[in-house]
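First up is the structure itself, then whatever we jot down about it.
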Amino acid sequence: MATESLDLFEESGAPQADYVVGTVSAVFFASNDSFYKVMLVKVSETSMDWHEDEIVVTGNFADIKDDVTYRFTGKRVEHPKYGVQFQADNYQNETPTTRNGVVGYLSGDDFPGLGKKTAEKIVDALGTNAIEEILNDPAVLQPLGLSPKVSATLISQLQTNNGMEQIIIGLNGYGFGSTLAAAIYNRYQEKTLDVIHENPYQLAEDINGVSFRRADQIATQLGYEADKPERLRAGLLQTLNDLSVANGDTYTTAKPLLANALSLLENSRNVRLDPAKLADELLELAKEQKVVGDDQRIYLKTLYDAEWQIAENLQRLLKADDSPAKFNDDAIRKQLRIVEKQGDIVYDESQTAALTAAIQAKVMLLTGGPGTGKTTIIRGLVNLYARMHEVSLDINEYKEKPFPILLAAPTGRAAKRMSESTGLPAGTIHRLLGLTGREDNLDEAATNDLEGGLLIIDETSMVDVYLMKTLLRAVPVGMQVVLVGDKDQLPSVGPGQVFHDLLASDQLQKIQLDTIYRQEDGSSIIPLAHAIKSGKLPADFTKNQKDRSFIACHANQVESVIDQIVQKAHAKGFSASDIQVLAPMYRGSAGIDRLNVVLQDILNPKKSERTKEVEFRNQKFRIGDKVLHLVNSPENNVFNGDIGVITGIDLASDKHSEVKSDQLTIAFEQTEVTYARNDWNRLTLAYCMSIHKSQGSEFKMVILPMVGQYNRMLQRNLLYTAVTRAADMLILLGEPRAFEACVTSLGVNRNTTLTTRIQTVLDPDGTPAEPDEPVETTSTVETETPAPAAAPTTAAVETPEPATADGTSTDTPEPTTPTDYRLTPELVLSRKIDPMIGMQGVSPKQFMPSV
DNA sequence: CCCACATT
């Protein structure tokens with residue numbers, strides 16, 4: 001057999017990769033949901049300067065056998081915790097090609113009943129490529145007179161060993177590249193090709209990254225007819241996903257769903273389909289429990305359940321008798337004074353009220369804009385908790401037992417900030433729960449049970465419904481939960497607007513922080529932010545202020561105006577790290593990519609022909625460039641969104657170079673990291689960055705262009721987020737109409753029903769609010785918190801009337817069980833519920849695009 | 001059109 005190369009994974013971008021040849025003597029770790037493995041390899045040959053027998057090899061490997069010799073290619077890395085490792089990006093089965101090798105392989109453990117003698121006989125007859133010969137045509141064994149049993153074992157074992165390769169070849173035939181092929185194989189294993197033949201649309205349903213259209217192309221190859229029910233259902237699911245999840249909504253309605261699905265199904269095959277059949281398949285999906293209809297709304301089942309489960313888990317935590325220890329206010333104040341003394345801080349009345357409420361609450365929402373002291377409250381709460389409960393905050397004392405306070409955030413960066421501000425360990429929510437971030441289905445994913453007394457989540461506005469459901473499910477009764485966030489920031493990447501909806505439900509205790517502590521009086525940036533929040537630009541918007549100015553220009557002038565501003569600022573002593581240009585999108589003449597090129601030329605020009613420079617994906621990197629790190633690398637203490645400066649470029653082609661591949665060295669605030677060329681996709685120029693990426697950072701001077709070109713990005717919370725990144729100076733430029741468009745178009749406009757679910761579960765007697773006409777919901781919240789003028793107001797601590805702050809809400813009747821709303825097959829079949837899920841009085845004809 | 005999460 002020829003050397004087997006799975007060639008399944010991304011090939012190395014490095015000019016020359018190192019290699020290690022050897023056998024796997026132990027597997028230290030094998031991921032459940034990917035091919036990732038950490039293995040100990042007995043080295044027989046290597047290109048590296050390595051004098052030990054064994055080395056730890058990491059990477060993605062499929063079918064590792066302990067008696068097979070592999071050739072791993074990749075690079076040597078230094079893991080901060082585990083020392084030297086070999087990071088393989090490719091590997092091959094070094095299948096024997098010599099006579100002895102083949103004989104050894106065939107007489108090995110893989111082939112029971114086949115001894116050395118028989119193996120020699122086979123090789124003598126068929127040659128050193130005997131394995132390939134047998135696989136091509138098992139009949140070649142016949143003349144050898146092997147026992148039928150031995151011969152059958154031999155053939156089937158060889159086929160199994162090569163099955164994976166066959167499947168990968170099959171997947172390649174359908175046009176799947178290495179990454180997707182690995183994901184598909186991982187999901188179906190040896191059944192992969194059967195699944196695809198049976199129903200190619202299964203791929204679209206199960207595999208992230210396979211769309212309906214992709215599956216439909218395969219189905220066409222396989223001769224699937226256009227009106228097959230599987231096809232119609234797949235089109236409906238894809239459309240449901242496009243209309244809800246992709247927009248951040250948790251549901252859609254029948255009319256757009258059927259109309260869009262019909263056009264998707266018809267256009268991708270250029271056929272006409274019967275809308276009635278499509279409506280039938282929608283009902284079928286409901287019976288299969290893949291979608292749920294509720295009133296006029298249609299949900300993906302997982303999203304429907306997630307909303308209910310968030311509400312139910314909140315109820316579980318709030319209703320529990322196991323209430324947090326009761327303290328009297330005097331005792332709290334006494335301890336608070338000690339905390340103040342130790343922290344060299346004085347809490348004002350609103351902060352004292354906030355801390356006093358939070359220390360006793362089962363579930364507490366804490367919201368406020370930038371500079372309103374959320375971090376101060378978190379730090380104070382941690383210390384107050386330790387004093388009230390007489391627990392130590394020294395993690396060294398918790399070698400055996402769990403730390404009583406859990407701190408987590410949805411992003412690595414926010415977690416790092418949390419850890420820095422409290423001096424306590426903090427991590428991502430995923431890590432807290434033991435999730436890998438690649439789970440197909442958070443329902444099936446096993447999560448850690450949380451232990452401890454207090455859980456604080458920061459940046460809660462970035463948590464989507466799936467993650468919130470999974471998080472709350474893991475919280476034990478009696479653990480206090482404090483959710484901190486800024487409801488006016490950008491919503492989560494995933495579906496829902498959980499933090500907004502929790503606040504809007506009015507069923508949970510909340511603290512609204514309004515007092516601005518961070519900026520001195522006379523600032524006009526914070527009042528601007530508040531004006532934006534309330535939906536209008538201030539009258540002085542275009543007038544220049546001490547800390548803010550506006551320059552009107554058209555999209556094609558943005559480049560030159562920014563050029564001039566930055567030249568001046570640079571001359572005045574602002575460094576590249578002080579100045580941050582923010583923009584909503586990458587493309588276009590006023591997009592991030594273009595502006596980065598312009599800014600790089602001003603702030604870090606190529607000074608001479610000899611200036612070192614490397615090129616990567618249309619970007620040039622030079623020493624001194626400001627760059628953005630795009631993924632989490634906790635082992636280096638560098639996180640998605642961190643900004644650094646290139647301090648070194650080492651070219652492999654340099655005469656004196658000691659490196660084997662080109663390397664960049666980047667200095668971050670606390671650490672310096674070296675990147676081989678393979679890792680450069682983790683970097684991008686950062687003179688201009690997306691507003692989304694800037695969330696959670698602050699800059700001395702923010703330069704913010706806004707033009708009609710950004711069209712659908714022009715939203716209120718986007719502008720709010722950008723403006724609130726500026727600590728000292730804000731320079732706005734562009735088209736006044738674009739800024740107007742931002743404030744008038746509501747950022748928070750996702751269609752969700754979480755608010756209603758919470759109200760139903762926590763306050764079943766209350767007036768059932770009709771869900772969640774987004775405009776109404778938002779205005780409700782805003783009237784509660786009248787946008788303050790520049791004058792600071794106090795924090796409002798609200799305890800909802802029917803809620804359970806004192807843990808004695810036993811008079812609350814049992815909540816209406818959500819099951820009543822669910823469209824189960826039983827209900828459909830028993831005709832207790834009209835299965836037409838909100839389509840009453842609507843004939844499918846109405847969904848037809850008018851021809 | 002923008003966006004997060006991970007493994008010994």
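Reminder, nothing fancy here: chain letters follow the sequence lines and each chain counts from 1.
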Problem set entry | Whole angstrom value for the distance that separates P of B:dA4 from CD1 of A:Ile457 | 18 Å

Exercise. Which nucleotide in the list B:dC3, B:dA4, B:dC1 gets nearest to the side chain of A:Asp464?
Worked result: B:dA4

Problem set entry | Face-on cation placement of A:Arg725 at A:Phe699 ring, 6.0 Å and 45° thresholds | no

Exercise. Counting side-chain heavy atoms from C-beta on, which of B:dC1, B:dC3, B:dA6 comes nearest to A:Thr428?
Worked result: B:dA6

Exercise. Atom CG of A:Leu582 and atom C1' of B:dC3: how far apart are they, to the nearest Å?
Worked result: 15 Å

Exercise. When we call it a touch if two heavy atoms are under 4.0 Å apart, what does A:Pro634 touch: a base, just sugar-phosphate, or nothing?
Worked result: nothing

Exercise. What residues form a ring pair (Phe, Tyr, Trp, His ring centres under 6.0 Å) with A:Phe403, not counting sequence neighbours?
Worked result: A:Tyr398

For this session: Kindly write out the residues that satisfy ring pair (Phe, Tyr, Trp, His ring centres under 6.0 Å) with A:Phe28, not counting sequence neighbours, or none if the list is empty.
Result: none

Problem set entry | A:Phe212: partners by ring pair (Phe, Tyr, Trp, His ring centres under 6.0 Å), with sequence neighbours left out | A:Tyr201

For this session: State whether A:Asn640 places a side-chain N or O below 4.0 Å from either non-bridging phosphate oxygen (OP1 or OP2) of B:dC5.
Result: yes

Exercise. Between the base of B:dC5 and the side chain of A:His430, is there a donor-acceptor distance below 3.5 Å?
Worked result: yes

Seminar exercise, completed: Contacts of A:Asp458 meeting salt bridge (Lys or Arg N to Asp or Glu O under 4.0 Å) (sequence neighbours excluded), chain-then-number -> none

Exercise. Between A:Glu669, A:Lys416, A:Gln670, which is the residue that forms a side-chain hydrogen bond (donor to acceptor under 3.5 Å, both in side chains) with A:Asn637?
Worked result: A:Gln670

Problem set entry | A:Arg682 CZ - B:dA4 P separation (whole Å) | 15 Å

For this session: Report yes if at least one side-chain N or O of A:Arg431 is closer than 4.0 Å to OP1 or OP2 of B:dC5; otherwise report no.
Result: no

For this session: Please state how far atom CD in A:Gln715 lies from atom C1' in B:dC3, giving the value in whole angstrom units.
Result: 13 Å

For this session: Report the residues that fulfil side chain to side chain donor-acceptor pair (under 3.5 Å) with A:Gln695, sequence neighbours left out, ordered by chain and then residue number.
Result: none

Seminar exercise, completed: Comparing nearest nucleotides in DNA chain B, the 5'-proximal residue of the pair A:Tyr586, A:Val631 is A:Tyr586

Problem set entry | Single hit among A:Glu559, A:Gln709, A:His554 for side-chain hydrogen bond (donor to acceptor under 3.5 Å, both in side chains) with A:Ser589 | A:Gln709

Exercise. Base, sugar-phosphate alone, or nothing: which one does A:Gln695 contact when heavy atoms must sit under 4.0 Å apart?
Worked result: nothing

For this session: Can you tell me the distance, in whole Å, between the CG atom of A:Asp642 and the P atom of B:dA4?
Result: 12 Å

Problem set entry | Nucleotide B:dA4, atom P - distance to CD of A:Gln489 in whole Å | 14 Å

Exercise. The side chain of A:Met713 lies closest to which of these nucleotides: B:dT8, B:dC3, B:dC1?
Worked result: B:dC1

Exercise. For residues 405-419 of chain A, which residues have at least one heavy atom under 4.0 Å from DNA chain B?
Worked result: A:Pro410, A:Thr411, A:Gly412

For this session: Grab the OH-P distance between A:Tyr466 and B:dA6 for me, whole Å please.
Result: 19 Å

Problem set entry | Between B:dT8 (C1') and A:Gln87 (CD): distance, integer Å | 13 Å

For this session: Determine: side-chain N/O of A:Asn632 to OP1/OP2 of B:dA4, distance under 4.0 Å, yes or no.
Result: no

For this session: Please state whether the phosphate of B:dC3, meaning OP1 or OP2, lies under 4.0 angstrom from any side-chain nitrogen or oxygen of A:Ser690.
Result: yes

